[in-house]
Amino acid sequence: MIIAVHQGPYSALTEAGFKAAGSGADLLICAEMITTGYNIGAAVHERAEPADGPTAERVAKIASGTGVAIAYGYPERAGEKVFNSVQLIDAQGTRIANYRKTHLFGELDKNWFTPGDEAIVQTEFGGLTVGFLICYDVEFPELVRAHALAGTELLIVPTALMSPYELVADTVVRSRAYESQLYVAYANRCDVEAELDYCGRSTVVAPTGDVLAKAGGGEELLVATVDRDTLRHSRTENTHLADRRPELYPLLNKGTTS
């Protein structure tokens with residue numbers, strides 16, 4: 001399967017969709033909260049929509065018009081609650097998966113969002129089991145490992161990573177892919193929003209730890225190929241999952257102690 005990562009604004013999504021299609025991509029992955037902005041304070045509640053709202057309809061038209069599935073971040077309204085979510089819409093314009101960010105980052109998230117309570121959201125797409133996390137979620141190795149143990153092969157991670165945390169894009173994401181033996185597609189922003197300077201550096205990393213595609217600090221479309229055969233070979237060579245001894249670290253199932 002060929003995937004593309006859109007490191008650019010929501011206003012350029014249609015153009016990115018056609019470029020992705022021209023590259024042969026089956027899936028286009030976008031940043032966290034790409035539809036509204038992330039650091040927008042109380043406006044996030046004004047702009048939040050249901051998962052099947054007008055924005056989803058617009059993205060569905062772009063997906064069906066370009067023939068490329070789209071995963072995008074947006075503020076999801078469900079009753080009185082608002083979640084920081086990512087939704088996947090297939091190339092026919094059908095909504096096929098929705099994940100709500102479970103690990104909220106600082107006051108930026110905690111002031112405005114309700115944390116999701118479903119850690120593992122997966123769907124079958126392009127011959128792979130695809131899972132979802134959002135930004136800060138990927139900085140928790142337990143959560144990525146839980147995805148690997150549940151069968152996730154490609155982990156989609158929309159993000160809004162800002163300076164001076166480039167370490168996450170450059171080192172942490174690569175480590176997560178290798179230690180949990182899965183593909184990670186990390187889609188960031190590259191603009192400035194209030195006091196936040198989003199650092200770009202979107203990346204696609206193989207389970208071998210090899211960087212398949214890496215963006216700089218400006219608008220860019222990444223393209224990479226991910227496939228199950230490479231994953232299976234990597235898991236044969238790098239046996240982290242098979243060699244685990246969970247009986248030695250039971251506290252991982254019980255939380256922390258003081």
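Throughout, numbering of the chain's residues begins at 1 and tracks the sequence.
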Taking NZ, NE, NH1 and NH2 as the nitrogens, is one of them in [X] or [Y] under 4.0 Å from a carboxylate oxygen of the other?
X	Y	answer
E15	K19	yes
K101	D137	no
R100	D117	no

Residue pair [X] / [Y]: nearest heavy atoms and the distance that separates them:
X	Y	value
E32	C135	OE1-CB, 3.1 Å
V223	S23	CG2-OG, 3.6 Å
P158	A31	CB-C, 3.6 Å
E166	C199	OE2-CB, 3.7 Å
P75	V44	CB-CG2, 3.7 Å
A150	I120	CB-CG2, 4.0 Å

Any side-chain heavy-atom pair of [X] and [Y] under 4.5 Å:
X	Y	result
R47	T35	no
V184	V157	yes
D229	R232	yes
L108	F113	no
T225	L212	no
V5	L221	no
L133	V144	yes
R189	I34	no

Rounded at 0.5 Å granularity, tell me how far [atom1] in [X] sits from [atom2] in [Y].
X	Y	atom1	atom2	value
N98	Q87	CG	CD	4.5 Å
Y72	R58	OH	CZ	11.0 Å
H147	S180	NE2	OG	10.5 Å
L13	C30	CG	SG	5.0 Å
L104	K110	CG	NZ	7.0 Å
H103	I134	NE2	CD1	12.0 Å

Apply side-chain contact (heavy atoms from CB on, under 4.5 Å) to C190 and Y198, showing your working.
-> CA-CA 5 Å; C190 60; Y198 300 110; 5.8 Å; no
Is the NZ or CZ atom of R145 both under 6.0 Å from the centre of the six-membered ring of F140 and within 45° of that ring's axis?
-> no
Answer yes or no: is there a donor N or O on one side and an acceptor on the other, between the side chain of [X] and the main chain of [Y], under 3.5 Å?
X	Y	result
R201	G217	no
Y165	L161	no
T66	I62	yes
T171	V168	no
D197	S163	no
Q181	P207	yes
T94	D90	no
T152	L154	no

Without hydrogens or angle criteria, can the side chains of [X] and [Y] be said to hold a donor-acceptor pair below 3.5 Å?
X	Y	result
Q92	S64	no
D109	Y38	yes
E124	T129	yes

Which is it for L222 and Q7 under the side-chain contact (heavy atoms from CB on, under 4.5 Å) test, yes or no, and what are the steps along the way?
-> CA-CA 8 Å; L222 302 181; Q7 184 172 283; over 6 Å; no
When clusters are formed by joining ILVMFWY residues with side-chain heavy atoms under 4.5 Å apart, either directly or through shared neighbours, do [X] and [Y] land in the same one?
X	Y	result
V59	L88	no
Y183	V205	yes
I89	F125	no
Y74	F83	no
F18	L27	no

Going through the distances and angles, do D52 and R95 end up as a side-chain contact (heavy atoms from CB on, under 4.5 Å)?
-> CA-CA 8 Å; D52 61 352; R95 296 183 299 111; 3.5 Å; yes
Could you check E49 against T55 for side-chain hydrogen bond (donor to acceptor under 3.5 Å, both in side chains), going step by step and ending with a plain yes or no?
-> CA-CA 8 Å; E49 298 179 8; T55 297; 2.9 Å; yes
Does H233 NE2 have over 12 foreign heavy atoms under 6.0 Å away?
-> no
Verdict with reasoning, V138 to Y186, per side-chain contact (heavy atoms from CB on, under 4.5 Å) | CA-CA 9 Å; V138 81; Y186 187 79; 4.1 Å; yes
For H240 and Y178, what are the C-alpha separation, side-chain angles and deciding distance, and is it a ring pair (Phe, Tyr, Trp, His ring centres under 6.0 Å)?
-> CA-CA 9 Å; H240 300 82; Y178 180 72; 4.8 Å; yes
Does the side-chain hydrogen bond (donor to acceptor under 3.5 Å, both in side chains) test come out yes or no for Y99 and N84, once each step is laid out?
-> CA-CA 8 Å; Y99 167 77; N84 183 336; over 6 Å; no
Verdict with reasoning, N39 to E195, per side-chain hydrogen bond (donor to acceptor under 3.5 Å, both in side chains) = CA-CA 9 Å; N39 186 30; E195 76 280 10; 3.2 Å; yes
